[in-house]
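Here is the structure we will look at.
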Amino acid sequence: MMKGFKSLSLAVAMIAIPAVSPLATENTKSVYITIDSDALAFSEKTFGRRVESIETKDGISVLKIDEESIPWLSLLMHRNFNRCGGFMVHDDKEEALEQLDSQDGAQLFAKNNMFADYTINQENLVKPLVNEVKADNILATITKLSSFKNRYYKGEFGKQSATWIKDYWSGLVKNRTDATVEFFPHSQWDQPSVILTLKGASDETIVVGGHQDSINGSFGGATSTAPGADDNASGIATISEVIRILADSSYQPQKTIKFMAYAAEEVGLLGSKEISRSFKQKNVNVIGVMQLDMTNFQGTKDLDIVMMRDYTNDQQNNFVGSIIDRYVPGVKWGFDKCGYGCSDHASWHSQGYPASMPFEAKMNDMNHNIHTARDTLAASNGNANHAAKFAKMAVAYIVELDR
Ligand code: BES
Ligand code: ZN
């Protein structure tokens with residue numbers, strides 16, 4: 001929904017971009033992004049000559065913008081549209097324009113196609129595993145991850161935190177001969193993604209992932225304070241608890257299960273874009289993707305888990321809802337929309353894979369501390385009870401999809 005001219009300028013004024021903002025930098029590199037067309041006028045007004053509209057189709061626009069403005073765009077979209085006003089960053093103009101054209105092909109396929117048998121019939125296997133979820137384990141991981149000054153995709157802290165995740169996950173699976181943990185390196189920045197594989201008999205693959213990086217929207221950069229406790233230490237901690245439970249059990253997967261901690265999500269879904277592309281290129285048969293990005297802030301009263309409808313697969317979303325009803329009793333779920341490409345599920349969706357994004361709250365009730373130094377565990381009541389619901393859901397999702 002487009003907001004009025006007046007309220008836009010007011011909102012922009014409230015942000016108070018400092019005199020030394022990155023916007024003032026001359027001669028920075030230009031990048032191409034795709035963004036919801038309803039944000040077009042807003043972007044042009046805010047960024048002036050630093051943004052150029054290239055083409056619009058089916059409600060999506062290609063913009064040329066200087067790279068330094070990206071963190072500002074992200075921040076302003078959050079504040080002014082009160083929604084995840086995401087966008088995708090592309091390598092070049094051709095790729096951005098391709099995105100417009102693949103809208104109707106790969107993305108429609110990813111939205112409507114049925115990729116798996118969604119019957120729920122593994123209660124004997126699932127129930128004991130779900131009962132193993134311990135909120136305190138999730139709490140400990142959030143505490144550790146949010147103790148890095150930041151997990152920014154460029155710079156020392158972002159590299160150190162990636163190494164910590166790889167070592168932690170390696171420890172969780174040290175007794176499994178069917179598990180490997182690897183870095184997925186990226187050529188354009190230092191922070192690697194981390195991928196843990198539980199190898200099953202079949203090559204059909206289930207992906208459960210979240211982004212590991214954090215960002216401070218107003219003081220972006222490698223030296224800023226960005227604990228990212230909710231966004232997204234919570235998702236990585238939730239995934240870690242799922243890994244621990246499956247690894248400690250005698251569960252032998254039939255399909256191949258991959259857990260991912262994506263690099264560089266906060267600057268345009270960059271890590272997941274490279275990974276999902278390389279999977280597509282190798283024709284990996286991914287039958288289900290679950291994105292866990294922000295799981296520990298219960299912003300909406302009387303609602304626990306919110307399935308994002310956009311850039312996700314309709315059938316799998318309903319399946320995840322049924323999984324919650326069956327295996328996480330008392331937990332209420334509903335639907336909302338995120339906005340254009342708000343997290344890594346959009347990368348998989350763009351490659352034609354079926355993705356879901358179960359989220360912690362309705363968009364209107366979102367955690368407003370994200371992308372600031374205030375995104376701490378204390379802002380989620382200092383416990384991980386909300387995230388524990390997501391860990392139960394994810395364990396049940398994996399096992400039911402696996403058989
Ligand atoms: N975790 C957020 C996405 C989010 C925020 C979803 C609030 C729902 C409510 C994610 O890390 C993020 O910040 N994404 C960016 C988009 C990206 C393309 C830079 C955003 O929303 O601005
Ligand atoms: Zn974020």
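Residue numbers run from 1 in the order of the sequence given. Each ligand, and each atom within it, is numbered from 1 in the order the structure gives. Since we're looking at a predicted model, the values are computed, not measured.
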Enumerate the atoms of ligand 1 whose separation from the nearest heavy atom of [X] is less than 4.0 angstrom.
{"X": "E266", "value": "10 (C), 11 (O), 12 (C), 13 (O), 19 (C)"}
{"X": "G341", "value": "18 (C)"}
{"X": "H371", "value": "13 (O)"}
{"X": "F87", "value": "18 (C), 19 (C)"}
{"X": "G268", "value": "18 (C), 19 (C)"}
{"X": "M366", "value": "7 (C)"}
{"X": "D293", "value": "1 (N), 2 (C), 3 (C), 10 (C), 11 (O)"}
{"X": "M363", "value": "8 (C), 9 (C)"}

Backbone or side-chain N/O/S of [X] under 2.8 Å of the Zn ion (ligand 2):
{"X": "D293", "answer": "no"}
{"X": "D231", "answer": "yes"}
{"X": "H211", "answer": "no"}

Exercise. Just one of H90, E95, E55 clears the side chain to side chain donor-acceptor pair (under 3.5 Å) bar with T34, so which one?
Worked result: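 With T34 as partner, side chain to side chain donor-acceptor pair (under 3.5 Å) holds for just one option, H90.
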Exercise. Can you find a side-chain donor-acceptor pair between S276 and Q351 that sits under 3.5 Å?
Worked result: no
Exercise. Just distances here: any N/O of H211 and N/O of ligand 1 closer than 3.5 Å?
Worked result: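 Yes.
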For this session: Of all N, O or S atoms in H371, identify the one at the shortest distance from the Zn ion (ligand 2).
Result: NE2
Exercise. Are W348 and F279 close enough that their ring centers fall under 6.0 Å?
Worked result: yes
Exercise. Where on I370 is there a heavy atom closer than 4.0 Å to ligand 1, on the side chain, on the backbone, on both, or on neither?
Worked result: side chain
Exercise. So is D231 close enough to ligand 1, meaning a heavy atom under 4.0 angstrom away?
Worked result: yes
Exercise. Evaluating non-hydrogen atoms only, which member of E360, E265, M88 is closest to atom 10 (C) of ligand 1?
Worked result: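 It is E265 whose heavy atom sits nearest to atom 10 (C) of ligand 1.
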Exercise. Is any side-chain heavy atom of D248 closer than 4.5 Å to a side-chain heavy atom of I245?
Worked result: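 Side-chain contact under 4.5 Å: no.
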For this session: Would you indicate whether the side-chain heavy atoms of T295 and H386 approach each other to under 4.5 Å?
Result: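 The answer is no; the side chains never approach within 4.5 Å.
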Problem set entry | Check against salt bridge (charged side-chain N to carboxylate O under 4.0 Å, His left out), K362 and D336 | CA-CA 6 Å; K362 290 256 191 191; D336 202 353; 5.1 Å; no
Problem set entry | F157 six-ring centre to K154 NZ/CZ under 6.0 Å and within 45° of normal |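 No.
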For this session: Mark yes or no: K127 above the aromatic ring of Y327, with NZ or CZ under 6.0 Å from the six-membered ring centre and no more than 45 degrees from the axis.
Result: no
For this session: List the steps, then state whether salt bridge (charged side-chain N to carboxylate O under 4.0 Å, His left out) holds for D136 with K134.
Result: CA-CA 5 Å; D136 280 349; K134 306 236 175 359; over 6 Å; no
For this session: Drop me the distance from D213's CG to W189's CH2, to the nearest 0.5 angstrom.
Result: 9.5 Å
